[in-house]
A.B. asks: 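Take a look at this one; I'll ask things after.
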Amino acid sequence: MTELRKYLGYVVKAEQYICCVLLVVMLIVCFGAVVMRYAFSKPLVWSEEVILTMLIWFGFMCISIGAFGDSHIAIEGVYNLFPPPMKKGCDLARHLLLLAIGCMMVYFGWQIFHINMMKRLPATHWPQGIQYFPMVLGGALTSLFSLLNLAECLAGKNRQGGEKA
């Protein structure tokens, strides 16, 4: 299990680098659009579409990164008051729910992606499906990472490979 987590860690590291690049490019495009609009009265008509598309990719990649690290928001104040068996039950439920959500993202995202591949974005003329594919990719990675977390939880191991208390 730790060997698989190690290899999937490389995927997550690549996602993190891609997210950093997306943020920098979004910032540059946004800054350039504002300067062109207000300083030169020549707006970049494609800038909003590019920024929105990159933001969608960024968001769905961050969902899967959070699933890998098991770092999505939780109500830990209440969770920490539970006895260990109840904590394990909550952990199992959390991983199962995230796995189900990831699978639904893949299933429905693929349908939406397929339908929208025939349409074009108005300014860039990119296929509109490019804005929906991140749901499929993010859902697949979220499902995979949730399945790994679920298996580790069932095995009684934490992310460092040790036994849970």
Side-chain angles (χ1 to χ4, degrees), residues 1 3-75 90-154 159:
M1 207 88 55
E3 196 69 24
L4 179 59
R5 182 168 284 283
K6 176 185 168 190
Y7 290 121
L8 290 176
Y10 295 128
V11 173
V12 171
K13 190 58 94 173
E15 280 186 295
Q16 290 171 336
Y17 285 124
I18 291 169
C19 284
C20 288
V21 169
L22 287 173
L23 277 176
V24 170
V25 173
M26 282 189 288
L27 178 69
I28 291 169
V29 170
C30 188
F31 178 77
V34 169
V35 168
M36 291 300 291
R37 183 181 309 121
Y38 291 108
F40 300 107
S41 296
K42 299 271 187 188
L44 301 174
V45 294
W46 51 266
S47 62
E48 286 183 42
E49 276 181 15
V50 170
I51 292 169
L52 177 64
T53 302
M54 289 182 176
L55 187 61
I56 293 167
W57 277 86
F58 176 82
F60 280 104
M61 290 174 81
C62 286
I63 290 171
S64 68
I65 291 169
F68 178 78
D70 198 15
S71 59
H72 284 289
I73 295 174
I75 306 172
C90 288
D91 291 340
L92 291 172
R94 182 179 74 241
H95 296 312
L96 285 170
L97 284 172
L98 198 52
L99 176 62
I101 290 168
C103 289
M104 286 191 293
M105 286 168 50
V106 172
Y107 179 76
F108 293 112
W110 181 258
Q111 292 177 351
I112 296 169
F113 163 73
H114 185 67
I115 291 168
N116 285 292
M117 278 305 289
M118 294 177 250
K119 301 175 187 174
R120 297 282 176 185
L121 294 171
T124 58
H125 302 290
W126 292 346
Q128 193 172 0
I130 199 171
Q131 292 182 331
Y132 293 96
F133 188 73
M135 186 186 311
V136 177
L137 179 64
L141 290 172
T142 298
S143 298
L144 179 63
F145 298 153
S146 297
L147 196 57
L148 177 64
N149 290 337
L150 179 64
E152 288 177 344
C153 185
L154 287 171
R159 283 193 304 276

A.B. asks: I'd like to check the ring pair (Phe, Tyr, Trp, His ring centres under 6.0 Å) partners of W46; sequence neighbours left out, ordered by chain and number.
C.D. replies: none
A.B. asks: Output the distance between atom CG (L52) and atom CG (L121), rounded to the nearest 0.5 Å.
C.D. replies: 8.5 Å
A.B. asks: Could you measure the distance from the NE2 atom of H95 to the CG atom of L99? Nearest 0.5 Å is fine.
C.D. replies: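 If I round to the nearest 0.5 Å, the distance is 10.5 Å.
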A.B. asks: Can you name the side-chain contact (heavy atoms from CB on, under 4.5 Å) partners of Q16, sequence neighbours left out?
C.D. replies: V12, K13, I65
A.B. asks: With rounding to the nearest 0.5 angstrom, report the CG to CG distance, L144 to L4.
C.D. replies: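 Answer rounded to 0.5 Å: 7.0 Å.
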A.B. asks: What distance do I28 atom CD1 and L23 atom CG have between them, rounded to the nearest 0.5 Å?
C.D. replies: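 CG of L23 is found 11.0 Å from CD1 of I28.
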A.B. asks: Give a yes or no on whether E48 atom CD has more than 12 heavy-atom contacts from other residues, nucleotides or ligands under 6.0 Å away.
C.D. replies: no
A.B. asks: Do M54 and V29 come close enough that some side-chain heavy atom pair is under 4.5 Å?
C.D. replies: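 No, every pair of side-chain atoms sits at 4.5 Å or beyond.
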A.B. asks: Given side chains that start at C-beta, do those of N116 and Q131 come closer than 4.5 Å, heavy atoms only?
C.D. replies: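 Not touching, per the 4.5 Å side-chain cut-off.
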A.B. asks: Please list, chain by chain and in numerical order, all residues satisfying ring pair (Phe, Tyr, Trp, His ring centres under 6.0 Å) with F145, sequence neighbours excluded.
C.D. replies: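 Partners of F145 by the ring pair (Phe, Tyr, Trp, His ring centres under 6.0 Å) criterion, ordered by chain and then number, come out as F68.
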A.B. asks: Is it true that a side-chain atom of S143 and a backbone atom of C103 form a donor plus acceptor pair closer than 3.5 Å?
C.D. replies: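 Yes; judged by distance alone, with no hydrogens or angles, the pair exists.
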A.B. asks: Report the relative orientation of the aromatic rings in W57 and F133; use parallel for angles under 30°, tilted for 30 to 60°, perpendicular for over 60°.
C.D. replies: tilted
A.B. asks: Indicate the atoms forming the closest heavy-atom contact of L98 with A67, along with that distance.
C.D. replies: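 Taking L98 first and A67 second, the nearest heavy atoms are CD2-CB, 3.8 Å.
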A.B. asks: Let's go through N149 and R5 carefully: what are the C-alpha distance in whole Å and the side-chain angles of both, what is the deciding distance for side-chain contact (heavy atoms from CB on, under 4.5 Å) to 0.1 Å, and is it a yes or a no?
C.D. replies: CA-CA 9 Å; N149 290 337; R5 182 168 284 283; 2.4 Å; yes
A.B. asks: Please report the shortest heavy-atom distance between I18 and M61, naming the atom on each side.
C.D. replies: CG2-CE, 3.5 Å
A.B. asks: Could you give the distance from CG (D70) to CG (L150), rounded to the nearest 0.5 Å?
C.D. replies: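 Output value for this atom pair is 11.0 Å.
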A.B. asks: Heavy atoms only: give me the nearest C153-D91 pair and the separation to one decimal.
C.D. replies: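 For C153 versus D91, the nearest heavy atoms are SG-CB, 3.6 Å.
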A.B. asks: Is K119 close to P127 at the side-chain level, that is, under 4.5 Å between some pair of heavy atoms?
C.D. replies: no
A.B. asks: Measure the CG-OG1 distance between L137 and T142 for me, rounded to the nearest 0.5 Å.
C.D. replies: 9.0 Å
A.B. asks: F60 versus M105: any side-chain heavy-atom pair under 4.5 Å?
C.D. replies: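 Result yes, sub-4.5 Å side-chain heavy-atom pair found.
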A.B. asks: Should the pair F113 and W110 be assigned to parallel (<30°), tilted (30 to 60°) or perpendicular (>60°) ring geometry?
C.D. replies: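 Because their plane-to-plane angle lies in the 30° to 60° range, the rings of F113 and W110 count as tilted.
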